[in-house]
Number of protein chains: 2
Amino acid sequence: MLKYQHIADELENYIEEHKLQQGAKLPVLQDLMRQFNVSKSTVTKALELLEKKGVVFQVRGSGIFVRRHKRNGYISLLSNQGFKKMLEEFQLASKVIALDVRKPTKEAALNLNISIDDDVYYVKRIRFIHGQTLCLEESYFTKSIVTYLNKEIITESIFNYITEGLGLSIGFADTFLHVDKLTAEEAQYLELKEGDPKLYVESIFHLSNGQPFDFSKVTYNYVQSQFFIQAEL
Amino acid sequence: MLKYQHIADELENYIEEHKLQQGAKLPVLQDLMRQFNVSKSTVTKALELLEKKGVVFQVRGSGIFVRRHKRNGYISLLSNQGFKKMLEEFQLASKVIALDVRKPTKEAALNLNISIDDDVYYVKRIRFIHGQTLCLEESYFTKSIVTYLNKEIITESIFNYITEGLGLSIGFADTFLHVDKLTAEEAQYLELKEGDPKLYVESIFHLSNGQPFDFSKVTYNYVQSQFFIQAEL
DNA sequence: CATCTTAATTGTACCGGTCTAATTAATCAA
DNA sequence: TTGATTAATTAGACCGGTACAATTAAGATG
């Protein structure tokens, strides 16, 4: 494991375990350097990570402080802990409605940057959280990249399979979201009424070499979904 | 201006002007170092900025490539171009419904980390985009920080006033969002029907020293609002 | 011509340093 | 005690370097 990632983890655990409050001061850079026996730039990188995750904030001339943002029930949409963890955790309870190899829609082909003649794995499923239906999800996986899928893999963790099983490394995702009304079909799956609010999220996942491999359209139950974002100004 | 910020801007402009497509390769690190006459770490920092903004992605052993994610009508929820620009741009068309000094609600006091006896500036307004009502917004500004506000300032740019006029430096924001149904009152302001979907966004803006100074609750017209997020995995 | 091996390319981790800017603490003057 | 001045603290910008890992290109091999 990389040094700066390790340091970031250690610091985050420290904050967690000692239940440090918002504004609590962490050791200064010099001390952290000595404590972990690394150079300044390594500590700085670790802190940048934590800043991006919203765990700390730094004030020049003053110090490094704990930033508290936790709200129960909210899911972070940002770096590391964000989408990945969320997908992994919620994977646990999910019901596969469809799984087959087919030709992509024009929309999917466009987003995956493939031809409409190329094959894709199509997956449709419902995800549950706390026994409630959380969302309805449709995914298109480029078959030339994700060469094989089955029900077991989907029920476990697709992303784990892609990294561990296929040896691919996932890079980044572009996510578009807007609010709309549920169609009759969606309402049925989510056990809500037609015309009720929905949060619609479209994501394009890319390998770390920039190739898109997964185009997903997710319709969230508005009652169950709340998100958390960190903005920098 | 900082060197690495300047480099980031230059590169972004270059990509924009030359209309570089997704996957287009940029000059290698060595060349960028020479081109801008700076050290490797400075170029790297510039590229980190651009990566965070979703403008480029880097592949070790391969190069630096353009990342395209533009979608018409979507507003980025992330770094730099995100909330700040959005707030500034949409400031143009807004109608102030209320502006006064009052005591904060318990909720506002909690989020601003002040006592319910402290004064706040309360601002309620509607924002318009393309002639349509975009959102209904309620803001609480800690009066001990934002010492004075008037209608002109609000109609211009509050954030500009805070940085330029008051000499404060804005740091970061925590944003929580969920979807719900419009109340009768909200529906009236947004020219929609009660029970229609709404996107509800709560933000706490902080100075760069960590002090919260603005707690905002925004109800978006679901027809007019769509957002864009970048996730790292 | 395909396949394996090797070498060159290129971004990333990490070091250890200087100098600067913001903040905070200490000092001094009124 | 207050307020201004100065000094110490502290994070951040920036340099220039070494070593390393992933990718790509070139060469060798069958």
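Chain naming here is simple, since letters A, B, ... match the order of the sequence lines and numbering starts at 1 in each.
Partners of B/A108 by side-chain contact (heavy atoms from CB on, under 4.5 Å), not counting sequence neighbours, listed by chain and number: B/P104, B/T105, B/Y140, B/F215. When the ring-ring contact (aromatic ring centres under 6.0 Å, His included) test is applied to A/Y14, the partners found at least two apart in sequence or on another chain are A/H18.
Applying the salt bridge (Lys or Arg N to Asp or Glu O under 4.0 Å) test to residues at least two apart or on different chains, the pairs with a partner in residues 15-24 of chain B are B/E16-B/K70. Among residue pairs with one or both ends in residues 20-40 of chain A, those qualifying as salt bridge (Lys or Arg N to Asp or Glu O under 4.0 Å) are A/D31-A/R34; sequence neighbours excluded. For the ring pair (Phe, Tyr, Trp, His ring centres under 6.0 Å) condition, the pairs that include at least one residue of residues 24-63 of chain A, sequence neighbours left out, are A/F57-A/F65, A/F57-B/F172. Under the salt bridge (Lys or Arg N to Asp or Glu O under 4.0 Å) criterion, no residue pair touches residues 108-118 of chain A, with sequence neighbours excluded. Residue pairs meeting the salt bridge (Lys or Arg N to Asp or Glu O under 4.0 Å) criterion with at least one partner in residues 206-215 of chain B, sequence neighbours excluded, are absent.
Running 5' to 3' along DNA chain C, contacts with non-hydrogen atoms of chain B at under 4.0 Å begin and end at C/dT9 to C/dT12.
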Summarise protein proximity over nucleotides 11-18 of chain D in one line of letters, 5' to 3': B for base, S for sugar-phosphate only, - for none, counting protein heavy atoms closer than 4.0 Å.
BBSSB--B

